Amino acid sequence: MFTIPKIIILGIESSCDDTSAAVIENGIIRSNIIAGQKVHELYGGVVPELASRAHQQNIVPVVDQALKQAGIVPSELTAIAFTRGPGLLGSLLVGTSFAKGLSLSLNIPLIDINHLQGHVLAHYIKEHAHDDVKPQFPHLCLLVSGGNSQIILVHDYLKMEVIGQTIDDAAGEAFDKCAKVMGFPYPGGPLVDKLAKEGNPNAIVFSKPRIEGLNYSFSGLKTSFLYHLRDALKHNENYIEENKADLCASLQKTIIDILLGKLIRAAKETGIKEITIAGGVSANSGLREALRNEALKRGWNLFIPEFRYTTDNAAMIAITGYYKYLNSEFAGHDAVPFARMVI
Ligand code: KG4
């Protein structure tokens with residue numbers, strides 16, 4: 001009798017401040033463990049050296065838990081996929097070195113993964129064997145995170161082309177930096193999202209960039225937000241406290257308008273109606289709703305990821321590893337991490 005071979009991939013993610021390990025068996029998720037790092041809260045942002053040290057402490061228990069939850073022992077693994085970049089070099093080194101050591105000791109292949117490709121392919125993680133409703137190719141992916149804002153033309157699992165990207169700050173940075181000047185803890189995006197629900201999105205008008213083509217810019221918005229606060233605080237020192245909700249709603253609306261403007265243009269120019277969204281900012285409830293409305297209006301087939309696959313996670317690294325394994329794309333043990341890496 002013919003049996004489908006078991007392909008079991010262990011994914012390891014350590015690009016920023018989350019240590020994560022996941023097991024995927026023939027494209028189906030078996031476990032996805034994520035250990036966050038509270039140590040950065042004191043500093044209003046991620047401190048690279050502290051992140052590397054925390055990864056070192058977390059990696060063994062996180063991988064151990066991922067294997068246990070998947071119900072497998074290390075010798076059952078087919079290959080190990082790890083995030084090679086982009087990210088913080090010291091953090092990436094921990095995951096890369098661990099993955100190399102384990103691959104050598106188990107004598108199984110090593111697969112290097114571009115973190116950004118992982119975000120895009122998170123949509124192909126299956127929860128169970130018959131979970132077949134996945135984005136068709138080609139599709140457009142709006143990848144919005146703390147470090148990136150890109151529109152990606154996804155030709156196939158491993159063939160992607162960036163057709164638009166930010167020329168300065170990322171959308172997540174716009175959320176976080178504006179939140180910081182309001183005195184919110186890092187990362188401010190989720191709190192802006194929460195407060196925006198009680199505010200008026202049309203209360204304040206912030207400037208929007210005029211950038212050619214499909215590229216984005218968010219640094220002007222940050223300046224416009226800062227100047228607005230500076231002027232308003234001259235007249236009322238409690239301005240932020242009294243107008244938090246309206247500030248958040250108006251900021252969020254401006255970011256969403258900027259993101260959707262170029263996405264709509266990309267969809268028109270390419271004629272593609274298969275649309276996906278990925279990255280930390282895709283957790284934003286206002287963005288999700290605005291996308292759903294656009295999809296209805298424009299006949300888009302829209303895919304919004306599960307919350308647990310929006311921020312950094314190893315499941316997306318393992319699924320990308322699965323497709324690279326099927327394509328026989330492996331890394332050598334001399335592979336070094338890259339702080340910068342493009343799709
Ligand atoms: O993809 P991600 O986890 O990692 C990095 O790029 O490092 O994205 C993190 C970003 C942060 O800027 C955070 O503020 C933002 O995603 N974010 C949100 C929300 N949840 C996370 N931004 C707006 N609304 C949210 N609900």
Side-chain angles (χ1 to χ4, degrees), residues 13-20 32 34-37 40-41 44-48 51 55 83 85-89 91-92 95 113-123 141-150 152 165-166 168-182 184-199 201 216 218 221-222 225 247-260 276-291 304-317 339-341 343:
E13 155 65 32
S14 72
S15 65
C16 190
D17 60 341
D18 290 309
T19 320
S20 181
N32 184 34
I34 305 174
Q37 302 181 355
H40 309 288
E41 277 172 10
V46 177
V47 184
H55 282 304
T83 305
L88 300 171
L89 210 49
S91 294
L92 289 164
I113 306 294
N114 180 327
H115 179 87
L116 302 174
Q117 235 176 12
H119 271 304
V120 177
L121 294 188
H123 285 282
C141 177
L142 176 66
L143 172 56
V144 272
S145 68
N148 291 276
S149 300
Q150 300 184 324
I152 302 165
Q165 62 187 319
T166 182
D168 41 55
D169 287 350
E173 270 177 294
F175 272 109
D176 296 341
K177 287 180 177 173
C178 293
K180 193 173 177 180
V181 294
M182 287 191 285
F184 297 175
Y186 177 86
L191 188 54
V192 172
D193 186 357
K194 194 170 158 219
L195 289 168
K197 293 194 174 97
E198 291 140 35
Y216 288 116
F218 287 99
L221 169 61
K222 185 184 63 192
F225 191 83
L247 281 164
C248 290
S250 303
L251 170 67
Q252 182 168 296
K253 178 184 187 290
T254 314
I255 295 174
I256 294 170
D257 284 352
I258 297 171
L259 288 174
L260 285 193
T276 68
I277 171 170
V281 180
S282 70
N284 184 267
S285 55
L287 180 60
R288 288 173 168 239
E289 195 190 326
L291 273 165
I304 293 182
E306 301 269 353
F307 279 111
R308 63 181 176 281
Y309 299 140
T310 57
T311 45
D312 294 345
N313 66 87
M316 68 185 198
I317 303 305
R340 289 181 176 276
M341 220 173 155
I343 276 186

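By convention here, the first residue in the shown sequence is residue 1. Both counts, for ligands and for their atoms, begin at 1 and track the order of listing. Remember, predicted model here, so these are calculated numbers, not experimental data.
- Annotation: C16 places no N or O atom under 3.5 Å from an N or O atom of ligand 1; distance criterion only.
- Of the protein's non-hydrogen atoms, the one nearest atom 26 (N) of ligand 1 is D193 OD2, 2.8 Å.
- A salt bridge links K253 with D257: the closest approach of a Lys/Arg side-chain nitrogen to an acidic carboxylate oxygen falls below 4.0 angstrom.
- Inter-residue side-chain proximity for L251 and I255 is flagged as met; some heavy-atom pair is nearer than 4.5 Å.
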One pair to check against side-chain contact (heavy atoms from CB on, under 4.5 Å): L287 and Q252. What are the steps and the verdict?
CA-CA 8 Å; L287 180 60; Q252 182 168 296; over 6 Å; no

After noting the C-alpha distance and the side-chain angles of N32 and S20, does the key distance pass the side-chain contact (heavy atoms from CB on, under 4.5 Å) rule?
CA-CA 7 Å; N32 184 34; S20 181; 3.6 Å; yes

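- Ligand 1 lies less than 4.0 angstrom from a heavy atom belonging to H119.
- For the residue pair D193/S285, the side-chain donor-acceptor check at 3.5 Å is satisfied.
- Among all protein heavy atoms, the one lying closest to atom 24 (N) of ligand 1 is N284 ND2, 3.0 Å.
- Only the side chain of D176 comes within 4.0 Å of ligand 1, judged by heavy-atom distances.
- The ligand atoms of ligand 1 that sit less than 4.0 angstrom from a heavy atom of A283 are 20 (N), 26 (N).
- Between G189 and ligand 1, at least one pair of N/O atoms sits closer than 3.5 Å.
- The distance from ligand 1 to the heavy atoms of G147 drops below 4.0 Å at these ligand atoms: 6 (O).
- In terms of protein heavy-atom proximity, atom 21 (C) of ligand 1 is nearest to G280 O, 3.3 Å.
- Of all heavy-atom pairs between V120 and C141, the closest is CG2-SG, 4.0 Å.
- Crowding of K194 atom NZ: a count of heavy atoms from other residues, nucleotides or ligands under 6.0 Å not exceeding 12.
- Counting only heavy atoms of the protein, atom 6 (O) of ligand 1 lies nearest to G146 N, 2.8 Å.
- Between D312 and H115, some side-chain heavy-atom pair lies under the 4.5 Å cut-off.
- Between M182 and C248, the shortest heavy-atom distance links the atoms CE-SG, 3.9 Å.
- In terms of protein heavy-atom proximity, atom 15 (C) of ligand 1 is closest to V281 CG2, 4.0 Å.
- Counting atoms of ligand 1 from 1 in the listed order, those under 4.0 Å from a heavy atom of G172 are 12 (O).
- Under 4.0 Å from ligand 1, heavy atoms of T311 appear from its side chain as well as its backbone.
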